[in-house]
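In what follows, a single structure is set out as structure tokens and then discussed.
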Amino acid sequence: MTQHSQETVIGQITSVFGVKGWLKVFSYTDPKEGILQYRDWVLDLDGKRIPARLEEGRRQGQGIVVRLKGVDDRDVALSYRGADIKVATAELPELAEGEYYWYQLEGLDVFTVDGQCLGKVHHLMETGSNDVLVVRASDGSIDQRERLLPYLPDQVVRSVDLAERRILVEWDPEF
């Protein structure tokens with residue numbers, strides 16, 4: 001998740017829905033409907049920032065559909081396809097101790113418990129069972145491999161230190 005003056009990406013506009021300007025949204029929030037709690041969006045499309053106001057939205061099948069203020073035409077809606085949906089990070093709810101937003105983990109250095117650097121967290125992926133840290137090689141890493149580490153606190157992820165910008169993992173570098 002990229003940020004601009006403390007903004008966090010919470011979803012993406014994937015396509016249009018119907019002919020009245022509704023949009024299909026892929027929500028990164030958990031639950032998916034959580035994205036509907038935020039009214040003031042910034043759409044980031046090819047580097048252009050477009051302020052948007054959520055008028056209404058609902059669950060539609062597996063996804064979410066929304067209507068933005070002033071967008072009531074399919075052609076206008078089409079022009080927003082592919083835009084990242086951002087909100088002010090300050091609007092996100094406080095998390096419980098030991099819980100983190102994905103954007104907080106991205107860019108952190110990943111070390112094994114015996115001190116070997118595996119690289120940096122490039123991004124996270126959602127799988128059916130658990131989230132996965134995608135760790136890519138960095139300047140100090142032991143090799144150039146990309147690794148997929150399950151985000152399993154206490155099992156794989158031993159500690160997260162946001163101040164030191166590092167994650168300690170129980171992981172065999174050969175794996």
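- For F26, the CZ atom counts as loosely surrounded, since its 6.0 Å shell holds 12 or fewer non-hydrogen atoms of other residues, nucleotides or ligands.
- The closest side-chain heavy-atom distance from E56 to W22 is below 4.5 Å.
- Here the closest heavy-atom approach between residue I10 and residue V87 is recorded as CD1-CG1, 3.5 Å.
- Under the 3.5 Å distance criterion, the side-chain polar atoms of E91 are left unmatched by any main-chain donor or acceptor of A88.
- Placement of L133 and L152 within a single hydrophobic cluster is found when ILVMFWY residues are connected by side-chain heavy-atom separations under 4.5 Å, directly or transitively.
- The backbone N or O of A52 sits nowhere less than 3.5 Å from a side-chain atom of R39 that would complete a donor-acceptor pair.
- Remark: R49 engages E7 in a salt bridge, criterion side-chain N to carboxylate O under 4.0 Å.
- Here the side chain of T112 pairs no donor or acceptor atom with the backbone of E170 at under 3.5 angstrom.
- Sparse packing is recorded around CD of E126, with 12 or fewer heavy atoms of other residues, nucleotides or ligands lying under 6.0 Å away.
- Both tests do not hold together for R158 against W171: distance to the six-membered ring centre under 6.0 Å, angle to the ring axis within 45°.
- When hydrophobic clusters are built by joining Ile, Leu, Val, Met, Phe, Trp and Tyr residues whose side-chain heavy atoms come closer than 4.5 Å, directly or via intermediates, V19 is not grouped with L23.
- R136 places no side-chain N or O within donor-acceptor distance of the main-chain N or O of R147, the cut-off being under 3.5 Å.
- A distance-only check finds a donor-acceptor pair linking the side chain of R74 to the backbone of G18 [under 3.5 Å].
- Closest approach of C117 to F111, counting heavy atoms only: CB-CE2, 3.5 Å.
- Of all heavy-atom pairs between Y80 and L45, the closest is CA-CD2, 4.2 Å.
- Remark: Q62 CD is loosely packed, at most 12 non-hydrogen atoms of other residues, nucleotides or ligands lying under 6.0 Å away.
- When the side chains of ILVMFWY residues are joined at heavy-atom separations under 4.5 Å, either directly or via intervening members, V169 and L124 end up in a single hydrophobic cluster.
- Residues V160 and Y151 meet the side-chain proximity criterion, which asks for heavy atoms closer than 4.5 Å.
- With hydrogens and angles ignored, the 3.5 Å screen pairs no side-chain donor or acceptor of S141 with any backbone N or O of L118.
- The same ILVMFWY cluster, assembled from side-chain heavy atoms under 4.5 Å apart, contains both L78 and V66.
- Under a hydrophobic clustering in which Ile, Leu, Val, Met, Phe, Trp and Tyr are joined whenever their side-chain heavy atoms come within less than 4.5 Å, directly or via other members, V76 and I50 fall into the same cluster.
- A83 and L43 get closest at one heavy-atom pair: CB-CB, 4.1 Å.
- S27 places a side-chain N or O within 3.5 Å of a backbone atom of K32 that can act as its donor or acceptor partner.
- A salt bridge does not link R166 to D109: none of the charged nitrogens lies less than 4.0 Å from a carboxylate oxygen.
- Other residues, nucleotides and ligands place no more than 12 heavy atoms under 6.0 Å from the CG atom of D139.
- Here the closest heavy-atom approach between residue L36 and residue R58 is recorded as CD1-N, 3.8 Å.
- The two atoms that bring L108 and R165 nearest to each other are CD2-CA, 3.3 Å, heavy atoms only.
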